**Q** 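What follows is a single structure, and I will ask about it in a moment.
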Amino acid sequence: MPSADRRLQPRRKPLQVRAELTRERILTAAAHVFAEHGYAAGTTNRIAERARISIGSLYQYFPNKDAILAQLLIRHIDRGTWTGADRLSLAPGTLRETVQALVRDAIDSHSEDPQLLRIMIEEAPLSQDLLDAIERHGAVRTAQIRDLLTRHPDVRVGDVGTAADLILFTIEMNTHKLMAAPGSVPVETFATELADMVTRYLRGD
């Protein structure tokens, strides 16, 4: 494993409920500290104080704040499952509503803390665990979208697999950009325009 990856590896893998709760307290405290103070000033001492544990206890779980931020981003990625896909109507004429639901889900999953989202995007160091999480998330989301496109009667694209990849990248990258800088475009305007664009592409308009 490259030395950079070892530097980002959590030191302790929780095997008991108490250890897992402590790890989650550290991550939750770090999210608040980074959002309130920024990444440069979001020291491990501040994180430990917010989590109400000693700095020594924090270092039992994470070697540094880079490793903590990397785990926050991995957790964010792993939580981004589209849970409403199975409830969508696939009747003729409903493609716009299907795309709108996909766009709305992406917005909702990135709307909790814009400042933390911006820090994770700009500051999180690259590691193999992060690359694995991105690949894992992409495979699940692409499979969901590909399944919907395959079954929806309104879809008119040459290659459904390629279309699913393009749609996922387009929606997620634009949503990341918007939610990391809220106020640049009204969210509802963004959602409407993005859904219209993707719908036109899928219908072959």
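The structure displayed is predicted, hence computed values, not measured ones. Side-chain atoms are counted along with the backbone in the values below, which use heavy atoms only and exclude waters and symmetry mates.
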**Q** For D196, enumerate each residue passing the side chain to side chain contact (heavy atoms under 4.5 Å, CB included) test, keeping only those at least two apart in sequence or located in another chain.
**A** R96, T192, R200
**Q** Name the residue from Q115, M120, K65 that meets the side-chain contact (heavy atoms from CB on, under 4.5 Å) definition with F34.
**A** K65
**Q** Tell me whether M173 is reachable from L194 by hopping between hydrophobic residues (I, L, V, M, F, W, Y) whose side-chain heavy atoms are closer than 4.5 Å.
**A** no
**Q** Quick check: closest heavy atoms across L178 and V185, and the distance to 0.1 Å?
**A** CD1-O, 3.5 Å
**Q** Ignoring hydrogens, what is the shortest heavy-atom contact between T94 and S89? Give both atom names and the distance.
**A** OG1-O, 3.2 Å
**Q** For I74 versus A133, what's the shortest heavy-atom pair and its separation?
**A** CG2-CB, 4.0 Å
**Q** With sequence neighbours excluded, what pairs up with S57 under the side chain to side chain donor-acceptor pair (under 3.5 Å) test?
**A** S54
**Q** Is it the case that H137 and E172 place a side-chain donor and acceptor less than 3.5 Å from each other?
**A** yes
**Q** Considering only residues two or more places apart or on different chains, which pairs with a residue in residues 119-128 satisfy salt bridge (charged side-chain N to carboxylate O under 4.0 Å, His left out)?
**A** none
**Q** Would you mind reporting whether L88 and L148 have side-chain heavy atoms less than 4.5 Å apart?
**A** yes
**Q** Assess whether side chain to side chain contact (heavy atoms under 4.5 Å, CB included) is satisfied between V160 and I145, documenting all intermediate values.
**A** CA-CA 9 Å; V160 172; I145 297 170; over 6 Å; no
**Q** Begin with the C-alpha distance, continue with both residues' side-chain angles, and end with the deciding distance and a verdict on side chain to side chain contact (heavy atoms under 4.5 Å, CB included) for H76 and L117.
**A** CA-CA 9 Å; H76 168 75; L117 178 62; 4.1 Å; yes
**Q** What's the verdict on side chain to side chain contact (heavy atoms under 4.5 Å, CB included) for L202 and V157, showing C-alpha distance, side-chain angles and the deciding distance?
**A** CA-CA 6 Å; L202 291 175; V157 293; 3.9 Å; yes
**Q** What residues form a side chain to side chain donor-acceptor pair (under 3.5 Å) with E49, not counting sequence neighbours?
**A** none
**Q** Heavy atoms, side chains only, cut-off 4.5 Å: are T142 and I167 in contact?
**A** no
**Q** With a 4.5 Å cut-off on side-chain heavy atoms, are R141 and L102 touching?
**A** yes
**Q** Output the distance between atom CZ (F190) and atom CG (N174), rounded to the nearest 0.5 Å.
**A** 5.0 Å
**Q** Could you pull out all residues at least two apart from T28 that satisfy side chain to side chain contact (heavy atoms under 4.5 Å, CB included)?
**A** H32, R75
**Q** Go through the structure and list residues passing side chain to side chain contact (heavy atoms under 4.5 Å, CB included) with D159, not counting sequence neighbours.
**A** T162
**Q** To the nearest 0.5 Å, what is the distance between CD on E97 and CD on Q100?
**A** 8.5 Å
**Q** In Å, rounded to the nearest 0.5 Å, how long is the span from CG of L58 to CZ of R23?
**A** 12.0 Å
**Q** Run the side chain to side chain contact (heavy atoms under 4.5 Å, CB included) test against R104 and tell me which residues pass, sequence neighbours left out.
**A** I107, D108, V187, E188, A191
**Q** What pairs meet the ring-ring contact (aromatic ring centres under 6.0 Å, His included) rule with one or both residues in residues 148-170, with sequence neighbours excluded?
**A** none
**Q** What are the two closest non-hydrogen atoms of G138 and L168, and how far apart are they?
**A** O-CD2, 3.9 Å
**Q** The criterion is salt bridge (charged side-chain N to carboxylate O under 4.0 Å, His left out); which residues satisfy it with R50, sequence neighbours excluded?
**A** E36
**Q** To the nearest 0.5 angstrom, please state how far the CG atom of D132 sits from the CD1 atom of I77.
**A** 10.5 Å
**Q** If you take all heavy atoms of P153 and L90, which pair is closest and at what distance?
**A** CD-O, 3.1 Å
**Q** Between L27 and F62, is there a side-chain heavy-atom distance shorter than 4.5 Å?
**A** yes
**Q** Rounded to the nearest 0.5 Å, how far does CD1 of I134 lie from CG of L126?
**A** 6.5 Å
**Q** Identify, with sequence neighbours excluded, every residue that meets side chain to side chain donor-acceptor pair (under 3.5 Å) alongside E135.
**A** none
**Q** Restricting to pairs with a member in residues 142-158, which pass salt bridge (charged side-chain N to carboxylate O under 4.0 Å, His left out), not counting sequence neighbours?
**A** D147-R151
**Q** What's the shortest heavy-atom distance between A195 and T199, and which atoms?
**A** O-OG1, 2.6 Å
**Q** Considering only heavy atoms from C-beta outward, does the side chain of V155 approach that of R203 to under 4.5 Å?
**A** no
**Q** In chain order, what residues pass the side chain to side chain donor-acceptor pair (under 3.5 Å) check against T22, with sequence neighbours excluded?
**A** none
**Q** Evaluate the side chain to side chain contact (heavy atoms under 4.5 Å, CB included) criterion for residues V103 and V198: first the C-alpha distance (whole Å), next the side-chain angles of each, then the deciding distance (0.1 Å), finally the verdict.
**A** CA-CA 10 Å; V103 171; V198 173; 5.6 Å; no
**Q** Distance check, rounded to the nearest 0.5 Å: I26 atom CD1 versus I68 atom CD1?
**A** 6.5 Å
**Q** Is there a path of hydrophobic side-chain contacts, each under 4.5 Å between heavy atoms of I, L, V, M, F, W or Y residues, that connects L131 with L69?
**A** yes
